[in-house]
Amino acid sequence: MAAGAARSEMKPVRPAFVPDPSASREAMEALQREIAAAAAFADDFGFDSAAVSTTAATHTLDSIADDRTAAGPSHDDPPTVVGVDQAFLDDRAVGAIVALRGGEVIERAHAVVDLEFPYVPGLLSFRETGAILAAFENLDVEPDLAVFDGSGRIHYREAGLATHMGVTLDLPAVGVAKGLLCGAPQGSLDDLPEGTRVAIAANDSVETADDVDTVIGYALQTRQYDSGNRHINPVYVSAGHRVGGDTAADLVERLCDGYKLPEPTRLADSYADEVKRDHSG
DNA sequence: GCGACAG
DNA sequence: ATCTTGTCGC
């Protein structure tokens with residue numbers, strides 16, 4: 001390796017799971033079943049979820065003293081969380097990633113690739129993954145967690161975008177969607193108070209679920225008006241990979257900073273627009 | 001047959 | 001997702 005070039009470009013750990021937009025629909029669905037089988041819908045990450053936040057950690061005098069006397073490695077660095085989002089221009093897709101550590105943006109990476117597949121509900125990853133994986137290859141930092149714009153386990157074959165990407169990169173991942181793809185909310189979603197979460201159970205449209213009672217995600221009311229006529233809709237949070245459903249909701253809640261969407265997602269969103277503008281002329 | 005359907 | 005001004009209500 002060249003001196004001074006210590007890049008850690010993130011590449012697929014499971015190349016066989018990289019979506020092939022030219023595959024048949026049957027092959028795509030078969031791949032999704034494999035991915036769901038390989039996915040871990042339980043916590044398996046090496047950071048403290050309580051250290052995830054939108055603001056820089058406040059160091060107490062005690063913790064500073066602890067740091068100085070601790071024998072082991074310092075755990076000062078908050079987890080690195082990346083927000084991933086997409087935008088489109090003509091027949092090209094923009095993949096945008098913003099990396100945050102303790103509320104600070106530490107890196108941004110993007111890629112622009114030609115679109116090869118249309119939007120088909122349930123097959124979103126076959127449309128958007130090319131740009132996302134290309135953007136990850138341009139990312140230097142090693143993320144601890146990725147927040148994707150779309151579903152994870154809330155999917156017909158429990159293999160939504162967040163799950164597909166998480167498994168392919170073997171990266172802890174959660175999905176945050178603005179709409180519900182499938183599943184049955186276990187309660188009313190109308191005008192919920194801020195902080196409320198309603199479980200989304202599998203239903204007949206979730207082909208891979210054994211029980212119809214399996215919780216595949218949550219409707220999470222990340223923000224709500226205190227009063228008035230209008231109200232805000234919840235977001236739909238689900239496990240992507242190596243994160244359990246309730247932990248996914250906890251993490252998303254911690255990552256929201258007064259807005260409906262988590263901060264990494266909002267920043268990736270505006271970064272994608274920025275890239276899009278630069279590629280328009 | 002009809003409706004539903006992440007981005 | 002995207003095309004887009006003003007507008008209603010926090």
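Side-chain atoms are counted along with the backbone in the values below, which use heavy atoms only and exclude waters and symmetry mates. Each chain gets a letter, A, B and so on, in the order its sequence line appears, and its residues count up from 1. The shown structure was predicted, so the numbers you read here are calculated from the model rather than taken from an experiment.
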(request) Could you tell me whether A:Gly160 contacts a base, only the sugar-phosphate backbone, or nothing, with contacts defined as non-hydrogen atoms closer than 4.0 Å? (result) base

(request) Starting from C1' on B:dA6, measure out to CD1 on A:Ile132 and report it in whole angstrom. (result) 12 Å

(message) Under a 3.5 Å cutoff, is there a donor and acceptor pairing between the side chains of A:Thr208 and A:Glu158?
(response) yes

(message) Side chain of A:Ser151 only, heavy atoms from C-beta on: which candidate in B:dC5, B:dA6, C:dA1 is closest?
(response) B:dA6

(message) On DNA chain C, does the nearest nucleotide to A:Asn229 precede the nearest nucleotide to A:Asp149 from the 5' side, or the other way round? Give the residue.
(response) A:Asp149

(request) Measure from CD1 on A:Ile35 to P on B:dA6 and round the result to the nearest Å. (result) 19 Å

(request) Measure from CG on A:Leu124 to P on C:dA1 and round the result to the nearest Å. (result) 11 Å

(message) If you compare every side-chain N and O of A:Tyr236 against the phosphate oxygens of B:dA6 (OP1, OP2), does one of them come in below 4.0 Å?
(response) no

(request) Whole angstrom is fine here: how far is it from CD in A:Glu158 over to C1' in B:dA6? (result) 15 Å

(message) Between P on C:dC3 and CG on A:Leu89, what's the gap in Å once rounded to a whole number?
(response) 9 Å

(request) Could you check whether A:Gly175 gets within reach of a base, just the sugar-phosphate, or nothing at all, counting any heavy atom under 4.0 Å? (result) nothing

(request) Could you tell me whether A:Asp144 and A:Arg242 have a side-chain N and a carboxylate O separated by less than 4.0 Å? (result) no

(request) Classify the nucleic acid contact of A:Asp226 as base, sugar-phosphate or nothing, counting any heavy atom under 4.0 Å across all strands shown. (result) nothing

(request) Over 60° means perpendicular and under 30° means parallel, so classify the ring planes of A:His279 and A:His110, tilted if in between. (result) perpendicular

(request) Pick base, sugar-phosphate or nothing for A:Ala87, based on heavy-atom distances below 4.0 Å to the nucleic acid. (result) sugar-phosphate

(message) If I take atom CD in residue A:Gln32 and atom P in nucleotide B:dA6, what distance separates them, rounded to the nearest angstrom?
(response) 14 Å

(request) Output yes when at least one side-chain N/O atom of A:Lys178 is less than 4.0 Å from OP1 or OP2 of B:dA6, else no. (result) no

(request) Report yes if at least one side-chain N or O of A:Lys276 is closer than 4.0 Å to OP1 or OP2 of C:dA1; otherwise report no. (result) no

(request) May I ask you to decide whether A:Arg33 forms a salt bridge with A:Glu29, counting only side-chain N to carboxylate O separations under 4.0 Å? (result) no

(request) Report yes or no: is the ring centroid of A:Tyr119 under 5.5 Å from the six-membered base ring centroid of B:dG7, with the two planes under 30 degrees? (result) yes

(message) Looking only at side-chain N and O atoms, does A:Asp170 offer a donor or acceptor that is under 3.5 Å from a partner on A:His241?
(response) yes

(request) Let me know the distance between CD1 of A:Ile232 and P of C:dC8, rounded to the nearest Å. (result) 19 Å

(request) Return the value, rounded to whole Å, for the distance between atom CD of A:Glu207 and atom P of B:dC5. (result) 17 Å

